[in-house]
Amino acid sequence: MDLLLLDLVIVLAAARLFGALARRLGQPPVIGEIVAGILLGPTLLGPLIGDQLFGPEMRPPLQALANVGLVLFMFVVGLELDQKLVRGKGRIAVTVALGSTVVPFVLGCVLALAIAGEHVGGGRTLPFVLFMGAAMAATAFPVLARILTDRGMQRITLGGLALASAAVIDVLAWTVLAVVVGIAGAGEAEGQWKVLLALPYALVMFLVVKPLLARLVPAYEKAGRLTPGLLSLVLIGLIGSAWATEWMHVHFIFGAFVFGAVMPREGAERLNHEILERLEQLAVLLLLPMFFVVAGLNVNLRELDLSSLGTLAAILAVAIGGKLLGSYAAARTQRLPGRQSWTLAALLNTRGLTEIVILTVGLQKGVLDDELYSLMVVMALVTTAMTGPLVRRLYPDRRVARDIADAERAALGVTAAHRVLVIVPEPPAEQAPLVGLATTLALSAHPASQSSSAHPASSSEVVLGHLLPYPAGRLEVGSGLSSELAELAETLHELETLAATVRERGSESRVVSRFSADVAGELPGLASGARPDLLVLPAGVPGYADVRDGATCRVVTVAMPVPPPVPGSASVPETPSVSSSVFGQAGPGSEPGPVAVHHGSGGDAAAHVALTLATLWNRPLVVTGGSRASALARRLAGLGVEATSGPVPGGALVVAADTANAPEGAHLLVRAEQDPDPVDWTEAVSALRAPLPHS
């Protein structure tokens, strides 16, 4: 007894220490707890010290305590599982979950067939193959939820989709594991018929036990708190359910999980919160860390040789490659953008806790030998540890913050989500082409919703930003102030006239204008305060460099006079000011040229702007550059765009990426937003062909 108590002290202290260290390194605590078990086992301490502290006679009582913790934890997982996740995300979640399960499952089965001769006897090949497939397909729902919560990603669509997909994967993985355990136990004298009781057990739990548990809610409301009697009933039902599945040779974790899943949900929020509050402290702080440490004690990396390293490399390749490729391919079939698809795949590659539970079941049922168990635990550690850094690289904090802001605006009912800020220089009356350019880009963002009468609020907004410099000298109330106020009123009138042309074309518009003693110094603050999705400004405005460098959104710079668009096109109002301004040098009646874009190493942003203007202004598009330019021209031509590759023709409106090596003679310089997604050209062309409103 004294040795058991000493072991408990060592295990709990090591679990807390290494769990805290893992958290400091940005990893889930489960990583540290498993590493603690590995270090306490024969890998580091060796047979001399390790067997003295954690010898064969100590493993059964430690394992028993760990299993009790696992029962409580699986009940908590079932209770916390939001069954609305799958219904909320629908087809995409199910498709991604199937891809994330089927591909690694098949690859895992193929790998298992290749190594079965070294690790199992001929009579256990089938359960071994199915078990390896299930182990490769698993995703750790609780660890994934923790990773998403730590970064706030559960508040954005991508995080919700990851949780919904992981919930479906969990159901599929546990189902396969139940089949494997049933097959593995079928050789026992009692197991052949008891496994058949699994289906009636599930029906009883959902059709009989679930309605009975619903009676806990009025009893809890009558008592006003979670009484010892009510908690005792829950624990009796939980342990009884776990015993039933273990007796049926379907493992006790299924009974614990199912009992949590059938607990009442509607009107039981406070009841479930109090149950979780009582059980989570015991399970998570005391017993569950012991489970992971005991799992680590069973790992002996000293026995691995060079052939084991080859098997480990194959396991890692199948586990990581199968998860990433299967999840990514399934997400892309649902037209999820590339960055989001890779991020979702990286999230679903998290195994951690769920994987360790599955591996422990395999070891206990004799499906895995000690060597393969150790290798699979290493795989679980690697795939879990790589998730956080990989997701942070694929989906940086800035991108998460932007998505959270969009979600908050949508929750508040703000439909003008795509905001274009145009910096209007002096004199405002002559800036109609600049504002027209900004309006065209604003309307192109969500053209379909613009044409729908079901959405009376605009999904785009053009903000006209203008700072009027103070006149030289001191302003006095008695002398001169009235003329300055008159000047401001005239400026506001000119800006409101421009805003009216924007509204006529179907976008919302507002004016931000005021006096400024330091236009160059205040413009960057105005630009950042507007939080635009696109910034349009002339290169010559005061403080241009600071405004441009401080922007995190896409920036379109008017670098030199722009040839006028086609008169009478649907996206340009037919007003004289469009073709007679400092930005348009072509005379009345002259034929405007094509839109040309330098497409190279600057990304897709410049080409996307050029495609937008060419399509909406009814001009041909010329893509110039190297092989990438020719490939893009062919792709756009295949989508029905009037696009060719070649040198810049005379009279063209020239668009280029805003980089250090931007070509001379470009009219528009485009700098991509921070962390941009590659442009889906098929989707971009389709969106631009949707009808745009015009007066």
Side-chain angles (χ1 to χ4, degrees), residues 67-90 93 141-146 148-150 152 154-155 159-160 163-164 166-168 170-171 174 198-246 252-288 353-354 407-408 411-413:
N67 286 342
V68 173
L70 185 58
V71 167
L72 294 177
F73 180 75
M74 292 306 298
F75 167 72
V76 169
V77 172
L79 185 59
E80 288 187 324
L81 181 62
D82 186 356
Q83 299 171 2
K84 297 178 182 177
L85 282 174
V86 179
R87 293 196 297 268
K89 303 305 172 186
F141 183 91
V143 178
L144 173 62
R146 182 57 184 267
L148 292 172
T149 303
D150 286 345
Q154 82 283 2
R155 300 162 60 188
L163 287 173
V168 179
D170 260 9
V171 173
W174 292 126
L199 182 58
Y201 156 81
L203 293 175
V204 169
M205 291 298 293
F206 281 94
L207 299 179
V208 179
V209 177
K210 186 175 182 179
L212 290 175
L213 288 174
R215 298 182 181 181
L216 291 174
V217 178
Y220 168 79
E221 292 176 346
K222 182 179 180 180
R225 64 187 181 91
L226 181 62
T227 63
L230 290 175
L231 184 58
S232 297
L233 285 175
V234 173
L235 290 175
I236 290 171
L238 166 61
I239 297 172
S241 177
W243 167 81
T245 52
E246 181 69 16
F252 60 82
I253 59 174
F254 298 105
F257 179 80
V258 170
F259 193 81
V262 300
M263 284 289 290
R265 295 295 197 277
E266 195 167 336
E269 292 80 7
R270 290 197 304 143
L271 169 64
N272 291 339
H273 176 74
E274 285 201 46
I275 292 175
L276 291 174
E277 203 171 45
R278 303 278 184 90
L279 298 185
E280 272 190 313
Q281 292 182 359
L282 179 65
V284 176
L285 294 180
L286 177 64
L287 297 177
L288 192 63
L353 186 150
T354 303
E408 289 174 347
L412 293 173

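Worth knowing before you read on, the calculation uses all heavy atoms, side chains too, and leaves out hydrogens, waters and symmetry mates.
- In terms of heavy-atom proximity, Leu276 sits nearest to Val76 at CD2-CG1, 3.7 Å.
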Side-chain polar contacts of residues 254-263 - donor-acceptor pairs under 3.5 angstrom, sequence neighbours left out - could you list them?
none

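- Here the shortest heavy-atom pairing between Ala214 and Pro264 reads CA-CB, 4.1 Å.
- Using a 4.5 Å cut-off on side-chain heavy atoms (C-beta onward), Ile239 and Val68 make no contact.
- Here the straight-line distance linking atom NE2 of His273 with atom CG of Leu79 works out to 11.5 Å at 0.5 Å rounding.
- The side-chain heavy atoms of Ile275 and Leu230, taken from C-beta on, include no pair separated by under 4.5 Å.
- Under the 3.5 Å distance criterion, the side-chain polar atoms of Thr245 are matched with a main-chain donor or acceptor of Ala242.
- When side chains are defined from C-beta on, Leu235 does not count as touching Arg278, because their heavy atoms never get closer than 4.5 Å.
- Applying the side-chain hydrogen bond (donor to acceptor under 3.5 Å, both in side chains) rule to Asn272 yields no partners; only residues at least two apart in sequence or on another chain are considered.
- The one candidate from Val208, Val209, Leu207 that meets the side chain to side chain contact (heavy atoms under 4.5 Å, CB included) condition with Met205 is Val209.
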- Message: Evaluate Ser241 against Tyr201 for side-chain contact (heavy atoms from CB on, under 4.5 Å), listing each step before the verdict.
- Response: CA-CA 9 Å; Ser241 177; Tyr201 156 81; 2.7 Å; yes
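- The side chain to side chain donor-acceptor pair (under 3.5 Å) pairs that include a residue from residues 212-237 are Tyr220-Glu274, where partners are two or more places apart or lie in different chains.
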